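Written below as structure tokens is the structure these notes are about.
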Amino acid sequence: MISRAGQPERVLSGMRPTGRLHLGHYHGVLKNWVELQHEYDCYFFVADWHALTTHYEDVNLNMGEHVWEMVIDWLAAGVDPAQTTLFIQSRIPEHAELNLVLSMITPLGWLERVPSFKDQQEKLKEKDLATHGFLGYPVLQSADILMYRASRVPVGEDQVPHIELTREIARRFNFLFGRDPGFEQKAENAIAKLGKNGAKMYRKLRVAYVERGDEEALEKARGFVEENQNISLGDKERLLGYLEGGGRMILVEPEAALTPASKLPGLDGEKMSKSYNNIIALRDDPDRVERGLKSMPTDPARKRRHDPGDPDKCPVWELHQVYTGDDVHAWVNEGCRSAKIGCLDCKQPLIDAILAEQRLMHERARQYSDDPTLVRSIIAEGCERAKDVAEETMEEVRNCVGLAYY
Ligand code: TRP
Ligand code: SF4
């Protein structure tokens, strides 16, 4: 996926380090990351400051252990440090700086309306989340995203309002700071550089969008500008900004790329989640996994071996959807409904498939568990790359808000 200025499109996502990852994370988020890394310029990071917003009181948190174990889980799942940039939020203090600058221009009302603000306070009643930091959580997240000019942000449904807010903050920033003096004149000069026909087309499309809200025209004009090889990056930004009536696009509005929701059931048949204590960790102990699956509840109608059952009422069947193929499905369906197979028979191919997947994860993780310096250096390298991009963005931001004086 190629975008502005011929660079591969950038993807960014973060995860809070709040414990070991499980198969729900794998089938929801991590497999998605692994696919994206082949196609996009991916930045994945540990959101340790975000973890502090809800766990600031927890002095025994042991952040370091959570962080390194989580990064090993990513690597075990197949995230490839040669193809992606992996880093830790707090190692790039620019995130805090951008958070501060963005907080200046973010109206309080926008933050109070973000649904997670009230929802989480309700849900985590035992914590005092009436804090400045927690209200500002989505601003920090906006800083994470806007820092890297990411055009796509893979997140779960619950995070979509945060991406929406990020877009609004970017728009407001560009509106406030993207109109350098003489902006319109500069935009006109840039249009002239498109050549006679190009300029005519650009004007026509711009009018269609600005005056009639024609989204298709906007898309077309964007594509036209992005593909143009003859104009400078500054002119491109100007022309893109001018299309929407605003100034230069200094901060890039991202899109949310919805991560497929994982409904993977846990060992008690409920949705797999750390808070239900029913997880299979990514790198779990094989004996524990086998025992857990063997005692996992099935269709309650199958009290005895010869009672027929219905896979649609059985959480084990949901795991089969993820882990086994069509012939096993046919065998389960027929065997369960006719009581030809027992539940333990039914579980065996599933156990085999999950243990095989876990063997691969254990194998990938081994070198990192054996030699902790390896993960440290992957992160150090990622932080260096991230820092370069962050510094570039911050120079422009400082400049925009009037802080680049001597
Ligand atoms: N808020 C996200 C979550 O709880 C984590 C996160 C922090 C994030 N910064 C981000 C996700 C930036 C995507 C992009 O899952
Ligand atoms: Fe569930 Fe399989 Fe038992 Fe049927 S046979 S109830 S699908 S575990």
Side-chain angles (χ1 to χ4, degrees), residues 10-18 21 25 28-29 32-33 36 42-55 70 87-90 92 95 98-99 114 116-117 119-120 134 136-148 150-167 254-259 265 269 293-321 323-324 328-351 386:
R10 198 169 281 154
V11 160
L12 171 127
S13 198
M15 240 189 245
R16 284 172 300 153
T18 48
L21 300 184
H25 295 116
V29 184
N32 191 230
W33 284 14
L36 291 167
C42 289
Y43 282 63
F44 299 129
F45 74 99
V46 181
D48 55 350
W49 273 330
H50 275 104
L52 268 194
T53 62
T54 48
H55 289 70
M70 186 166 83
F87 68 98
I88 296 174
Q89 184 183 35
S90 68
I92 317 289
H95 286 239
L98 186 54
N99 171 58
V114 173
S116 58
F117 180 57
D119 292 354
Q120 293 292 95
F134 189 64
Y137 184 113
V139 183
L140 181 56
Q141 183 162 351
S142 301
D144 300 336
I145 298 167
L146 298 174
M147 185 76 84
Y148 299 95
S151 51
R152 284 167 163 260
V153 184
V155 284
E157 188 104 54
D158 61 315
Q159 297 290 310
V160 171
H162 295 174
I163 311 302
E164 282 302 316
L165 183 82
T166 304
R167 296 168 59 84
E255 302 277 353
L258 264 199
T259 301
L293 286 167
K294 281 187 169 158
S295 53
M296 186 167 165
T298 64
D299 177 1
R302 297 208 70 183
K303 279 198 198 61
R304 285 169 302 255
R305 168 68 179 77
H306 58 266
D307 293 330
D310 177 356
D312 291 329
K313 298 191 174 123
C314 175
V316 174
W317 178 240
E318 291 173 52
L319 288 178
H320 270 292
Q321 301 310 306
Y323 279 98
T324 61
V328 175
H329 294 175
W331 170 76
V332 170
N333 229 318
E334 139 79 13
C336 177
R337 291 178 199 278
S338 61
K340 264 192 222 131
I341 60 168
C343 288
L344 280 179
D345 304 323
C346 175
K347 288 172 175 179
Q348 197 53 52
L350 191 60
I351 294 172

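Atoms within a ligand are numbered from 1 in the order they appear, just like the ligands themselves. Everything numeric here is computed off the predicted structure, so don't read it as measured data.
By the 3.5 Å distance cut-off applied to N or O atoms, Ser13 is not counted among the residues near ligand 1. Annotation: Asp144 places an N or O atom under 3.5 Å from an N or O atom of ligand 1; distance criterion only.
In the vicinity of Phe45, heavy-atom distances shorter than 4.0 Å reach the ligand 1 atoms 9 (N), 10 (C), 12 (C). Every atom of ligand 2 is numbered from 1 in the order shown, and the set under 4.0 Å from a heavy atom of Cys343 is 3 (Fe), 5 (S), 6 (S), 8 (S). Close contacts of ligand 1 with Leu12, meaning ligand atoms under 4.0 Å from a residue heavy atom, involve 12 (C), 14 (C). Atoms of ligand 1 found under 4.0 Å from any heavy atom of Val153, numbered from 1 in the order shown, are 13 (C), 14 (C).
The proximity of Asp299 to ligand 2, defined as any non-hydrogen pair under 4.0 Å, involves the side chain as well as the backbone. Under 4.0 angstrom from ligand 2, the non-hydrogen atoms of Val332 all belong to its side chain. At a heavy-atom cutoff of 4.0 Å, ligand 1 is contacted by no atom of Leu140, backbone or side chain. Contacts with ligand 1 closer than 4.0 Å are made by side-chain heavy atoms of Arg16 only, the backbone lying farther away.
Scanning all protein heavy atoms for the shortest distance to atom 5 (S) of ligand 2 gives Arg302 NH1, 3.1 Å.
At a threshold of 2.8 Å, atom 1 (Fe) of ligand 2 has a backbone or side-chain N, O or S atom of Cys314 nearer than that distance.
Note on ring orientation: taking the six-membered ring where Trp is involved, the planes of His95 and Phe45 are tilted (angle from 30° to 60°).
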